[in-house]
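Data first, discussion second: the structure below is written as C-alpha cells.
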Protein chains: 2
Amino acid sequence: MGRNKEFDTTVVLRKAMEVFGHYGYEGTSLQILLDGLGIARQSLYDTYGTKKDLFISAVKHYTNEKSAALVARLNRPGSVKAAITDIFCEIAAALKDEARRKECFIMHSAIDQVPHVPEIAAFFEQDASRLEEAYYRALVRAYEQGELSDRHSDLRALARYLNHSRYSLTQAAKLTSDPKVLDDIIKVTLSALDS
Amino acid sequence: MGRNKEFDTTVVLRKAMEVFGHYGYEGTSLQILLDGLGIARQSLYDTYGTKKDLFISAVKHYTNEKSAALVARLNRPGSVKAAITDIFCEIAAALKDEARRKECFIMHSAIDQVPHVPEIAAFFEQDASRLEEAYYRALVRAYEQGELSDRHSDLRALARYLNHSRYSLTQAAKLTSDPKVLDDIIKVTLSALDS
DNA sequence: TCTTTTTCGGACCATTTAATCAAGAATGGA
DNA sequence: TCCATTCTTGATTAAATGGTCCGAAAAAGA
C-alpha cells in the first residue's frame with residue numbers, strides 16, 4: 001500500500017556517479033546534485049540519507065558492479081591473456097563512449113576522498129586486495145597453462161601492476177580526449193604480458 | 001624602500017602544494033589554507049590574489065619544476081634506459097619520503113580541475129605534449145644507440161605510455177601505503193623497455 | 001472511502017564560504 | 001625624520017552551503 005517510488009533508485013544512483021564524477025565530491029553542491037538527479041530534495045534525503053551517504057552508496061555500487069564482472073571474467077576457463085585483453089578493451093570502450101565514460105570518473109572522486117573518509121578507505125583497501133588476488137590466481141593459472149614465459153618471474157608484481165593500470169586509465173582519459181592516446185597506453189600496458 | 005616581505009614566496013608556494021594536494025582545491029577552505037601557509041589572510045591576497053590564483057600558481061610552479069628536470073634528464077647524453085630508470089626511481093623516492101610526497105598530490109587536485117578551469121586544462125595540454133616529445137626524442141635516440149629491440153616498433157605509443165605512467169604513480173601512492181606495491185608497479189612499468 | 005506512502009516545493013535554519021575594508025604597528029630605504 | 005611597504009588583526013559583507021521542517025497533492029492498496 002501507499003504510493004510507489006516514481007524513480008528507479010539504481011538509475012538515480014547511476015546519475016549520481018556521473019555528477020560526482022564530473023564535479024568531485026566537494027565540488028558538487030546540493031543544487032547541482034539535485035539538478036543532475038532530477039528528483040526533489042526531500043526525496044534524496046528520504047531515500048539515500050545525506051549527501052555523503054549518497055556518495056558512499058554510489059561509489060560502492062559502482063565498484064561492486066565493476067569488480068564482480070572483472071573477477072568473473074578472470075575466473076572463466078580458457079586463455080588468461082585473452083581475459084585480460086578483454087578487460088582492458090572493455091575499459092577502453094567505456095571510456096570512449098560519451099554516455100558511459102561519465103560515470104567512470106566517480107573513481108577519481110572516490111580516490112580523492114580516501115584520506116578523509118575512513119569508510120571509503122576501508123572499502124577500497126578491501127576491494128583492491130580482492131582484485132589483486134583474482135589477478136594473481138589468474139596469472140598462476142596462465143603460467144600453468146604455458147601462457148607466460150620465465151621472463152615473468154614475479155607474478156605478484158604483475159598482478160599489482162594490472163590492478164593499478166585499471167585505475168590509471170580513467171585518469172588518462174580525464175587528461176586527454178584523443179582515443180588514440182588511450183589505445184597506445186593500453187597496447188604498451190598489455191605488452192607486459194608478452195614473452 | 002618599504003618593509004620587506006617576511007616570507008619566502010616560493011616556500012609558501014610549496015606549502016600551498018601540500019595543502020591543496022591533501023584537501024583538493026574545493027576541499028581546502030580559506031582557514032585551512034591560511035593555517036597551512038602560516039601567513040595572514042591579507043598577505044595572501046596581496047601576494048597571490050584569490051584562492052584560485054594561488055592554486056593555479058602553485059600548480060604551474062610545481063609542474064614547471066618537475067618537467068624541466070625531467071626533460072633535462074632525458075636530454076643528457078648516455079644511456080636512455082638509465083635516464084628513464086633514474087626518473088622513475090626519483091619519483092618513487094619522492095613518494096616514499098614523508099616530507100616530499102605531500103606536495104606531489106597537487107597533481108591530483110590539478111587534474112580534478114582540468115574540466116572546470118580552462119587555464120589549467122590549457123597548461124596541462126601544453127605540458128603533456130612537451131613531455132611526450134621529450135620522451136619520443138629520447139626513445140628515438142635509444143633506438144639509434146641500439147638500446148631497443150625491434151619489439152618496440154611504436155615509439156610514439158611508448159612515449160605516451162611513459163608520460164602517463166608518471167601521473168599514475170602518484171595515484172597509486174594515494175591508494176596504498178605499502179612501498180613494495182609502488183616498487184612492483186615501477187618494476188613492471190619499466191619492463192616495457194626490455195628487449 | 002480510508003489509510004499509507006511518496007512526491008514536490010517552498011520556507012527556513014545555522015554555518016561556512018571567499019573576499020574586502022579599515023586601522024594600527026613594524027620595518028627599511030631615502 | 002619621512003615615506004612607502006608590509007604585517008597583523010578584526011570587522012564586515014554577501015552569497016552559498018548542507019540540512020531540516022512543513023503542508024499539500026498524488027497515487028496505490030485495503
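To find a chain, count down the sequence lines: A is the first, B the second, and so on, and within it residues start at 1.
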Tell me the interatomic distance from [X], atom [atom1], to [N], atom [atom2], rounded to whole angstroms.
X: A/Ile39; N: C/dG9; atom1: CD1; atom2: P; value: 12 Å
X: A/Phe7; N: C/dT5; atom1: CZ; atom2: P; value: 16 Å
X: B/Glu26; N: C/dT16; atom1: CD; atom2: C1'; value: 15 Å
X: A/Tyr48; N: C/dT6; atom1: OH; atom2: C1'; value: 13 Å
X: B/Leu33; N: C/dA19; atom1: CG; atom2: P; value: 10 Å
X: A/Asp8; N: C/dT6; atom1: CG; atom2: C1'; value: 15 Å
X: A/Gln31; N: D/dA16; atom1: CD; atom2: C1'; value: 11 Å
X: A/Tyr25; N: D/dT17; atom1: OH; atom2: P; value: 13 Å

May I ask you to decide if the ring planes of B/His116 and A/His22 are parallel, tilted or perpendicular, using 30° and 60° as cut-offs?
perpendicular

Considering every strand and a 4.0 Å limit on heavy-atom distances, what is the contact class for B/Thr28: base, sugar-phosphate, or nothing?
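Sugar-phosphate, backbone atoms only, no base.
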
Classify the nucleic acid contact of A/Tyr45 as base, sugar-phosphate or nothing, counting any heavy atom under 4.0 Å across all strands shown.
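Answer is base: heavy atoms of A/Tyr45 come under 4.0 Å of a base.
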
Checking side-chain contact (heavy atoms from CB on, under 4.5 Å) between B/Leu148 and each of B/Asp194, B/Leu155, B/Val140, which is the one that passes?
B/Leu155

Distance test, side-chain N/O of A/Ser29 to OP1/OP2 of D/dT17, below 4.0 Å
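Yes, within the criterion.
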
Indicate whether OP1 or OP2 belonging to C/dT6 is found under 4.0 Å from a side-chain N or O atom of A/Ser43.
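No, because none of the side-chain N or O atoms of A/Ser43 sits under 4.0 Å from OP1 or OP2 of C/dT6.
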
Residue B/Phe123 excluded, over 12 heavy atoms near CZ under 6.0 Å:
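More than 12 within 6.0 Å, yes.
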
Candidates [options] - which lies nearest the side chain of [X]:
X: B/Gln42; options: D/dT9, D/dC7, D/dG18; value: D/dT9
X: B/Arg41; options: D/dT8, C/dT20, D/dG18; value: C/dT20
X: A/Lys51; options: D/dG19, C/dA19, D/dT9; value: D/dG19

Are a donor atom and an acceptor atom from the side chains of B/Ser67 and B/Asp127 found within less than 3.5 Å of each other?
yes

Would you sort out whether A/Ser109 and A/Asp112 count as a side chain to side chain donor-acceptor pair (under 3.5 Å), showing the intermediate values?
CA-CA 5 Å; A/Ser109 310; A/Asp112 286 343; 5.4 Å; no

